[in-house]
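Only one structure is covered here, and it is reproduced in the block below.
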Amino acid sequence: MIGLSHYLILSAILFSIGLVGVLRRRNLLMLFFATEIMLNAANIAFAAISSHYNDLSGQMFAFFIVAVAASEVAVGLGLLIVLHKKYGTLDLDNFTVMKG
Amino acid sequence: MITIAFYFFSILITLLFLVTVMSKNLLYAMTSLAAGMVLISGLFFMLGADFLGVVQLIVYVGAVMALYSFAMMFFDASRDIKERNGSSMLVFALGGAIALLLVAMFSAPIIGEGAVGLYASAEGATNPQAVGLVLFTKYLVPFEVAAVMLLVAMIAGIILAGKKMDVSLSTTEDESDITDDTQGGEK
Amino acid sequence: MENLVYIALFAPLVGSIFAAFYGMSPKNIITGIVTSALLFVSFVASAILLNHVMTVGPIHVRMMDWIMAGDMLIPFGFIVDQVSVTMMTMVTLISTIIHIYSNGYMEHDKGFNRFFSYLSLFVFSMLILVMSDNFLGLFIGWEGVGVCSWLLIGFWYHKPDVTRDINPSISPSWAANEAFIMNRIADLGMLVGIFLIYWNLGTLQYDEVFASVGPLENDLVFWIGITLFIGAMGKSAQFPLHTWLADAMEGPTPVSALIHAATMVTAGVYLVIRANPIYDLIPDVGYLIAVVGTFVAIFAASMALVNRDLKRIIAYSTLSQLGYMFAAAGLGAYWVALFHLVAHAFFKSLLFLGAGNVMHAMNDQLDIFKMGGLKKVMRWTYLYMGVASLTLAGIWPLAGFFSKDTILEVAFNEHTYGIWFILWITAGLTAFYSFRQVFLTFHGTQRYDDADAHPHEVQKYVLIALIPLATLAVIFGGFMDTFKTFTTTLLPAYEMSEHTHHIAWMLIAVTSAIAISGIIFAYLRYGKGLKRNEKLENSLPYRVLSNQYYIPILYDKVFSKPYASLSKFSWQVVDQRIVDATVDGIGGIIKSTGDNTRRMQTGNLSDYLKWMAAGALLLVAIAFLAFKLTQGAN
């Protein structure tokens, strides 16, 4: 029988995959993909808990996360385009103006 | 039956997302991400969150991935991405450790076993109906705020991306010219 | 009448502030005139108050509430009763004369305006001290006169330090610090006394304290008496805190006359007189005070015998006379002590101002061995100093005769024959050293070089200003009975026993005999000029005396040097190696942490994300552990 734990563990694994992606990739677009993965992992956890407790709050949060993700993509992609226009690349290693 | 479905979905999602994270090709990465998200909506249906599943399909797979694919048209997607992916040991160690800890935590028995839902699904209502009831009563203000946020994001996206759309974005472009234009735009 | 109290009190303050406005500017004669005039106003007000107190009675004013904290209420009040009005009149009279005198004395000094500002401020503090109706106000005045004394001793602070062989006081600033620190030590004792009073009686008002001190435990009163006396010892330079007074002669001579002879140093005696209801309860402490006073009387007189410094001799005689006052006060004859205090103030300030004239004439030369024959050129000064010395020696019918003789009678009456005997000997010594000084200065042959000094008499108005002092020094003894009736309405009346009355004339004869023989001996020894006796000057007792019993050197070795090395240790080891090192270490750790963690800031987002992930890992780990632990607890 599939319980809450299964979903949560799946969520944890997906989150870690996203995290690895965020840490490993240098291309900003790939970083965005990895972020989406992490957000989706969180959504799964919310939905699972929501159904476990028969409480819709979890789903509500998932909706808001979707909304946030959508906004993030809209603004983020705009920024990426500006960056690409300016530097001609999306590789993080090229952006080190903040070096202390 | 549900067990099989769950494992099927889980394994596929994991594999697809791994492809997303590891792939050198932008197109592959995006395709597998979209596929993974479709499968996640399957998980939502299994959990009884029908409305969420539909939203996942429409917003994520429909809108967000479409946005990404449009964006990729600006960037050169056909070439492989060249990255300096050094010190991946550290990355995998960090990721692995967090995964391990989270799994360990989640596999333990839940403390609030006897917790009761704050906003239980209405009796006899279907999921979309129940969601509607809660969303437009208890979560009305956050809902409106989210709407404003989406509006702001839309305007921001238009302004950021919309500038100088007539200028080609290929890397052969004269950089100083673009820089000047961007600065001019800010004035 | 109340307004007069405020006029008497605040006129000097106004003068001081006025002169302070000119503090940094060159000499302006206006400051001298204004402060002197305001002092005169204060004196007139005091004199009217004296008359008022004599005819009507004491005045008690309450200016304002000063400290209000919880149950503690200390008002700023002033009392003008028989004791304080006597002190006020004496202080303002002498200060007025000294202000006028200073106009001439400080004529060529750069700090003319500053000097008058300090001097008037001193008078104000002294008036606060004597007029306050509670112990805290007295303490404020006490500290105020201490500060002014410090400012004025160190008035010529620019003079460099020299060794003890050249100048026993080292330098004005050194002497000022010595005086201040010694007084500080004593003031701590006094402060403890005031705390004890407040702690046990809950009030500091004189009348309330004296009314309720009786039922207190005897031990407690004993300690209150002792601690207050320690304060008095510091201010009045009693042994062992006496060394500062002789060194205080580094200040300008008017300062020595006003502060270190007539007024401030008598504050200790005033305190004992004021606190007489306390000391009446503890005769043992009174006896101790008398013994200390007697000891100081002969101790200081012996040092004055061989000293060659004009001002120091007078300083030692002040010390010796303060000893007389304490002896009288300790034996319970408070009015006698007060009488001697006032009489002493007149003739001692006269003596000092005369010495100032001599100093001026001799171009700041103070060594009496290098003077001589001055009576030809300084007739008036010779007269003044002669009269003052006669008074000091206690020759009939001058003021000193009455006051000192009464003290001796008191000592005899109390059957403390030891004290009487020592004071009697001291009377002889006093006569000797004062006339030794007079003869060496004014008689005999000229021993100074004409090239160094052109002795000349001081300005006319200065000499005229001294007339009141000289007059009072002569005739004040005649007021003894009036004084007694006046003050004993407040102070305990001290009556001689029948037996003492009978032999009083004998005592007088004996005392006068030793005084006159002292003068005669001085005349024989020095009247015809200085005949130095090398053998005597090199003998051990002589050297001990001229080195002040080696006490300053002893203090230097026992207290100053170890304290200096202790301070140096605290500075170099405790402060620099421990405190500073700790503080610097903390700074260093933070700095090196910053320097090392600076490398984190690569500017590469990827690296930042890694740090963030590491942080997240840490947080998750903590959450996990907490989770486990709480589960374990459940």
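Keep in mind that what you see is a predicted model, and the values were worked out from it rather than measured. Within every chain, numbering begins at 1; the chains are lettered A, B, ... in the order of the sequence lines, protein sequences first and strands thereafter.
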Are there more than 12 heavy atoms of other residues, nucleotides or ligands under 6.0 Å from atom [atom1] of [X]?
X: C:Ile30; atom1: CD1; result: no
X: C:Tyr157; atom1: OH; result: no
X: C:Glu217; atom1: CD; result: no
X: C:Met24; atom1: CE; result: no

| query | Checking heavy atoms, do the side chain of B:Ala104, its backbone, both or neither come under 4.5 Å from chain C? | reply | both
| request: Work out which heavy atom in C:Ala613 is nearest to a heavy atom in B:Ile98; give both atom names and the distance. | output: O-CD1, 3.9 Å
| request: Of all the heavy-atom pairs spanning B:Leu94 and C:Ala614, show the shortest one and how long it is. | output: CD2-CA, 3.8 Å
| said: Just verifying a value: how many Å separate C:Leu625 CG and B:Leu101 CG, rounded to the nearest 0.5 Å? | reply: 8.5 Å
